[in-house]
Amino acid sequence: MWDNRSSPVTQLSGGQRQRVFIARALAQEAIVIMLDEAFSGVDVGAQEGIVEVLQSLRDEGRIVLLATHDLTNLAQRFDQVLCINCHVCACGPPDEAFTPAVLEELYGSHGVEFAPDLRQVGAAS
């Protein structure tokens, strides 16, 4: 983002804006970092970079909370998940929380389609 340091945030792409917002949160050196849809508008390569940064913050002892609707590779990226749909549907390690019943409660019948992949990934880690 250094090359864009003089650009107004409004002129940045969605992914660039996400990285700037995350950088701003990191600059505050907070112990608890809360991110809402941090992967929105971010390409896969940038997502991996963000995940690496978040994991290093976790390893330093910081608490990272991330709200997302994107279940892609979630089981590989996070230690714990909290599934909410008007109430707490599940909480715990991804391989335990992502059951077909919970995914159906969260996403309706389409959520069940994710269940085999998520449980398989969670069991492999």
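A side chain to side chain donor-acceptor pair (under 3.5 Å) check over residues 12-28, counting only residues at least two apart or in different chains, returns the pairs S13-Q16.
S56 places a side-chain N or O within donor-acceptor distance of the main-chain N or O of V53, the cut-off being under 3.5 Å. Remark: the backbone N or O of V102 is not paired with any side-chain donor or acceptor of Y107 at under 3.5 angstrom. No donor-acceptor pair closer than 3.5 Å links the side chain of Q80 to the backbone N or O of P94. Here the side chain of N4 pairs no donor or acceptor atom with the backbone of S7 at under 3.5 angstrom. No donor-acceptor pair closer than 3.5 Å links the side chain of E105 to the backbone N or O of C89.
Using a 4.5 Å heavy-atom threshold, the side chains of F21 and L35 count as separate. Within the 4.5 Å cutoff, no side-chain heavy atoms of P93 are placed close to those of D79.
Nearest approach of R62 to L26, heavy atoms of both residues: NH1-O, 4.4 Å. Residues A90 and A97 approach most closely at CB-O, 3.8 Å, considering heavy atoms. Shown here for F98 and C83, the closest heavy-atom pair between the two residues is CE2-SG, 3.9 Å. Annotation for L66 and A38: closest pair CD1-CB, 3.4 Å, computed over non-hydrogen atoms. Closest approach of V64 and R58 over heavy atoms only: CG2-N, 4.5 Å.
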